[in-house]
Student: 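Handing you a structure now.
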Amino acid sequence: MEKYNPRQIESKWQEVWNAPDYYRTVEDSSRKKYYALEMFPYPSGNLHMGHVRNYSIGDVVARYRMMAGYNVLHPMGFDAFGMPAENAAISHGVKPGDWTFANIKKMIGQQKAMGLAYDWEREVETCREDYYRWTQWLFQLFYKRGLAYKKEAAVNWCDTCGTVLANEQVIDGKCWRCDHEVHKKNLAQWFFKITDYADELLKDLDKLTGWPERVKTMQENWIGRSEGLELTLDVPELGEKVSVYTTRPDTSFGITFLALAPEHPLVEKICAVSPKAAEIHKFCEKVKQQSDIERTSSESEKEGIFTGIYCVNPFNGYRAQIWVTNYVVYEYGTGAVMGVPSGDQRDWMFAKKYGLEIILTLQPKGTTLKLEEMSAAYTEKEGELVNSGKFTGMEFHAGFNAIMDEAEKLGFGKRKVNYKLRDWLISRQRYWGAPIPVIYCDHCGEVLVPEEDLPVLLPDDVEFKQGALSPLSTSKKFNDVKCPKCGRKARRETDTMDTFICSSWYYLRYADPHNDKAPFSREKVNYWNPVDQYIGGIEHAILHLLYSRFFTKVLRDAGLLDFDEPFTNLLTQGMVIKDGAKMSKSLGNVVSPEEIIDKYGADTARLFILFAAPVEKDLEWSDKGVEGSFRFLNRVWRILGIFEDAVKAGADSYDPETLTDEEKIFRRAIHRTAKKVTEDLRDKFAFNTAISALMELVNAAHNFQDKEINPSLAREFASSLLRMLAPFVPHITAELWSRFFEGDVHKQSWVTYDESAIAEETVEIVVQINGKVRERVSVATNLSKAELEKLAPTLPRIQELTAGKQIVKIIAVPNKLVNVVVK
RNA sequence: GCGGAUGUGGCGGAACUGGCAGACGCGCCGGACUUAGAAUCCGGUGUCUUUAGGCGUAUGGGUUCAAAUCCCUUCAUCCGCACCA
């Protein structure tokens with residue numbers, strides 16, 4: 001056989017797979033479906049190693065399931081709206097659409113060069129009219145369900161770029177493009193009411209048994225549910241009330257001050273009457289000017305200013321000083337916090353710094369805490385209450401509840417659940433996104449664009465200027481609009497939607513990608529979805545994965561689909577690193593997939609990336625390792641070349657009893673490998689060990705390179721090996737299969753194995769003395785415990801070593817070992 | 001600071017439910033083929049003393065006939081959260 005020539009055979013087979021119906025997927029209720037999905041990429045124009053890893057994993061999963069008899073949906077598409085296209089427009093004058101479609105074309109070429117088994121007829125591109133029409137339709141669905149609303153909010157603003165930034169584009173408080181600090185600016189913005197689903201999003205994490213614990217913990221922390229008490233205090237001098245939220249109602253009798261965020265409305269009311277108004281304003285301005293990181297870092301020094309005004313603790317009448325501080329977050333709770341220095345470390349430090357009173361309310365049972373001896377707050381949630389009126393002496397839990405009961409009974413408090421999760425800000429002052437389908441009319445107010453007028457198309461008479469706010473506002477065509485209700489002149493919303501909305505439902509569209517009556521049909525989406533196996537990077541642990549869960553629940557409530565969670569199983573793959581660091585242009589450690597595929601072929605690239613590390617761990621790139629994988633494929637090619645005549649002469653079924661002893665051992669290896677590879681693929685995503693098992697099998701075959709081999713055994717070997725390798729290295733296996741067998745390896749059924757072919761008649765047992773291996777014996781498989789115990793002391797070597805010693809006991813584990821314990 | 005994960009040869013990594021540590025690959029060493037090299041093939045490769053054994057899974061301890069695996073201590077690295085009241 002000629003030399004292994006990946007370039008030639010890969011392009012040959014890619015052409016075969018490119019036929020429109022080759023990977024076409026059709027609903028079939030008689031078969032079990034399997035939906036394998038990799039997170040679709042942003043079309044940057046270039047595949048990187050992270051993509052290669054992601055798609056290689058997904059392709060193995062999909063191809064394995066196809067061979068195992070499932071009706072597999074394995075689609076690909078592009079998350080095609082977003083800033084880079086607009087930047088290209090600003091700096092090079094190219095139209096964002098032209099830039100994007102050119103990139104998509106290039107990336108599809110690269111994906112096809114990897115030999116991935118996608119049903120390309122289902123491809124979606126979120127920037128196309130037939131897709132974003134439904135993104136807009138879904139926005140309106142949310143709106144009609146009261147889940148989309150507009151309000152003024154403080155958003156991230158970058159002065160240098162003169163534009164709003166998404167949260168995800170603020171990295172460590174700085175703009176991702178120009179590296180300048182971001183600050184807050186108030187603007188009227190659209191939000192999705194994800195907080196309505198906070199509780200279900202949290203609770204249903206329990207249903208996600210196929211998700212990594214890590215991701216679930218991150219979502220749990222992000223949602224940040226807490227239970228506590230909202231307490232209202234009087235501010236007699238102003239005739240006002242102020243509410244605080246606490247998770248430690250048991251410490252309520254220890255309030256000695258009240259801390260306000262500078263943004264809190266009460267600050268202005270105080271300034272209206274306070275002689276210290278100027279000073280307070282100055283302090284507030286100073287704090288507001290600080291960046292988010294400065295303000296929210298727990299390391300920052302706690303500062304505050306006393307307003308001169310007091311509020312009253314309703315439990316005990318204590319007159320607590322009202323302070324404006326830099327450490328209270330306005331957006332969380334009520335933006336005001338009760339200061340209990342004895343029970344909270346921040347309050348303790350604040351009180352110490354400004355000489356505020358400290359009242360002890362809780363101490364460990366049986367001890368008496370003395371304030372003058374304490375160097376920190378007592379924050380444990382156990383002990384007994386002190387200085388707490390009629391609650392004094394109660395144990396923590398009892399006091400905790402009794403105090404909340406009392407507050408509710410007397411009407412100055414209420415039990416409350418709080419979340420850290422905020423509503424999702426979806427407006428973007430950008431061009432390259434789905435326009436928000438809303439019209440503003442002076443008479444009718446906010447009006448939805450009628451459904452029959454969707455999509456609201458992106459106009460092309462737009463000016464792209466750096467720093468210009470909402471490019472859509474520069475389009476004449478776009479803004480010339482009449483109110484759909486009253487017909488009077490109106491104006492359009494000029495913001496577009498966050499691209500995370502587009503990606504929150506694409507996995508549903510794949511089920512029914514060409515539907516022009518609805519985003520998808522209920523039948524199709526209920527057949528294919530939820531996704532059985534979702535694969536992507538950990539960086540989406542919260543954003544995309546949380547948003548998609550939210551979308552699924554809303555669409556379920558709207559009757560569009562019948563399941564609760566979008567992704568049954570989630571695999572978060574590790575990064576591809578080189579020289580211990582993430583590949584990046586600035587570090588100069590980027591390995592280009594194109595070069596690797598060019599030099600060794602896609603099969604080698606896929607094999608290496610799957611073999612070098614377990615899927616969920618980071619993978620250190622190694623050029624030498626790639627060569628090793630290439631070498632292995634050459635070995636496969638060569639050994640099958642040696643067996644060629646035998647394989648062709650062999651029969652598909654034969655009597656294994658006719659084999660020589662050596663051949664029987666080899667046959668056992670084939671079946672053992674089939675079992676191992678099947679388990680690794682089906683249950684564990686342990687591709688690295690599956691591949692190593694296949695390497696062992698090929699090594700075992702080398703025993704026969706210079707001798708005769710039973711042709712039928714050679715045939716069994718070739719058939720099993722090629723089918724097992726097919727999901728990993730699709731081209732070389734397709735080629736070799738076509739030379740030796742009928743049909744297409746990728747349409748064959750997965751290998752089966754014969755447990756009886758794996759079973760051995762004898763097994764080697766380790767004999768230990770006091771836990772140290774001293775002898776090995778070959779015994780009949782499944783020899784009983786009792787027999788083994790009897791056998792061990794009779795072995796000459798054991799007798800020799802135990803001579804003169806007393807055997808205390810013997811422990812036997814069938815098929816494993818015997819341990820003789822002596823004194 | 002809080003929470004989580006990880007720690008095994010020169011390197012990437014194996015090891016089911018506690019039962020032979022180091023599979024497989026890389027690298028390295030030796031051999032075959034060759035005028036020579038490349039490629040390929042064969043063998044070796046934790047470590048220390050060499051009949052045989054001692055020591056070894058970050059550290060120190062514990063449980064057990066038996067520990068990489070279970071429990072506790074310390075250390076290191078990585079990740080997430082980070083004034084959330």
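Please read all numbers here as calculations on a predicted model, not as lab measurements. Order of the sequence lines sets the chain letters (A, B, ...), proteins ahead of strands, with each chain counted from 1.
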Student: Determine the interatomic distance between P on B/G27 and the same-named atom on B/A39; round to the nearest Å.
Tutor: 10 Å
Student: Which sits closer to the 5' end of RNA chain B, A/N418 or A/T689, going by the nucleotide each is nearest to?
Tutor: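 Between the two, 5'-proximity favours A/T689.
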Student: Using a 3.5 Å cut-off on both pairing distances, which stems of three or more Watson-Crick or G-U pairs include RNA chain B?
Tutor: B:1-7 with B:75-81, B:10-12 with B:24-26, B:27-32 with B:40-45, B:46-48 with B:53-55, B:60-62 with B:70-72
Student: Answer yes or no: side-chain N or O of A/R776 and base N or O of B/C20 forming a donor-acceptor pair under 3.5 Å.
Tutor: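 For A/R776, whose side chain was compared with the base of B/C20, there is a donor-acceptor pair (under 3.5 Å).
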Student: Using atom C1' in both nucleotides, what's the gap between B/A67 and B/G60 to the nearest angstrom?
Tutor: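 Rounded to whole Å, the distance is 16 Å.
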Student: In terms of heavy-atom contacts, does NZ of A/K707 have more than 12 from other residues, nucleotides or ligands at under 6.0 Å?
Tutor: yes
Student: Tell me the interatomic distance from A/F611, atom CZ, to B/G13, atom C1', rounded to whole angstroms.
Tutor: 8 Å
Student: Work out how far the C1' atom of B/C20 is from that of B/A68, and round it to whole angstrom.
Tutor: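 Going atom to atom, C1' in each nucleotide, I get 14 Å.
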Student: Measure the acute angle between the ring planes of A/H540 and A/H544, then classify it against the limits of 30° and 60° as parallel, tilted or perpendicular.
Tutor: perpendicular
Student: Give one of base, sugar-phosphate or nothing for A/N819, where a contact means two heavy atoms less than 4.0 Å apart.
Tutor: base
Student: According to the interplanar angle, ranging from 0 to 90°, do the rings of A/W424 and A/Y547 count as parallel (below 30°), tilted (30 to 60°) or perpendicular (above 60°)?
Tutor: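 Because their plane-to-plane angle is under 30°, the rings of A/W424 and A/Y547 count as parallel.
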Student: Under 30°, 30 to 60°, or over 60°: which ring-plane class applies to A/F412 and A/F315, parallel, tilted or perpendicular?
Tutor: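 If you compare the ring of A/F412 with that of A/F315, the planes turn out perpendicular.
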Student: Determine if the base of B/G9 is syn or anti; take syn to mean the glycosidic torsion is within 90° of 0.
Tutor: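 What B/G9 shows is a syn base, its glycosidic angle lying within 90° of 0.
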Student: With nearest nucleotide decided by heavy atoms, which residue, A/K809 or A/R248, maps closer to the 5′ end of RNA chain B?
Tutor: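 This one resolves to A/K809.
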Student: In whole Å, what separates the C1' atom of B/U57 from that of B/A14?
Tutor: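 About 12 Å, rounded to a whole number of Å.
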Student: Once you measure the plane-to-plane angle for A/H264 and A/Y330, does it fall in the parallel (<30°), tilted (30-60°) or perpendicular (>60°) bin?
Tutor: perpendicular
Student: Do the side-chain N or O atoms of A/S226 get closer than 4.0 angstrom to the phosphate oxygens (OP1, OP2) of B/A85?
Tutor: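 Checking A/S226 against B/A85: at least one side-chain N or O falls below 4.0 Å of OP1 or OP2.
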Student: Taking B/G9 as the reference, what is the distance to B/G46 when you measure between their C1' atoms (whole Å, please)?
Tutor: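 Approximately 5 Å lies between the C1' atom of B/G46 and that of B/G9.
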Student: Could I get the full list of side chain to side chain donor-acceptor pair (under 3.5 Å) partners for A/E227, not counting sequence neighbours?
Tutor: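 If we apply the side chain to side chain donor-acceptor pair (under 3.5 Å) test to A/E227, skipping adjacent residues, the hits are A/R225.
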Student: Can you build the contact string for nucleotides 41-57 of chain B? Use B for base contact, S for sugar-phosphate-only contact, and - for no protein heavy atom under 4.0 Å.
Tutor: SS---------SSSS--
Student: Ring-plane angle category for A/F350 and A/W323, please: parallel below 30°, perpendicular beyond 60°, tilted otherwise.
Tutor: perpendicular
Student: Say we look at B/G31 and B/C16: how far apart would their C1' atoms be, to the nearest angstrom?
Tutor: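 Their C1' atoms lie roughly 38 Å apart.
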Student: Say we look at B/C79 and B/U17: how far apart would their P atoms be, to the nearest angstrom?
Tutor: 29 Å
Student: Determine: side-chain N/O of A/Y327 to OP1/OP2 of B/A85, distance under 4.0 Å, yes or no.
Tutor: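 No, A/Y327 has no side-chain N/O under 4.0 Å of OP1/OP2 on B/A85.
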Student: Is the number of heavy atoms from other residues, nucleotides or ligands under 6.0 Å of A/R7 CZ greater than 12?
Tutor: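 Counting other residues, nucleotides and ligands, CZ of A/R7 stays at 12 neighbours or fewer.
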Student: Separation of A/N688 atom CG from B/C26 atom C1', in whole Å?
Tutor: 15 Å
Student: Taking atom P in both B/C26 and B/G44, compute the distance separating them and give it to the nearest angstrom.
Tutor: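 Those two atoms are separated by 15 Å.
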Student: Do A/S226 and A/N418 have side-chain atoms, one donor and one acceptor, less than 3.5 Å apart?
Tutor: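 No, no side-chain donor-acceptor pair sits under 3.5 Å.
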Student: Mind checking whether A/W621 and A/F608 have parallel, tilted or perpendicular rings, split at 30° and 60°?
Tutor: perpendicular
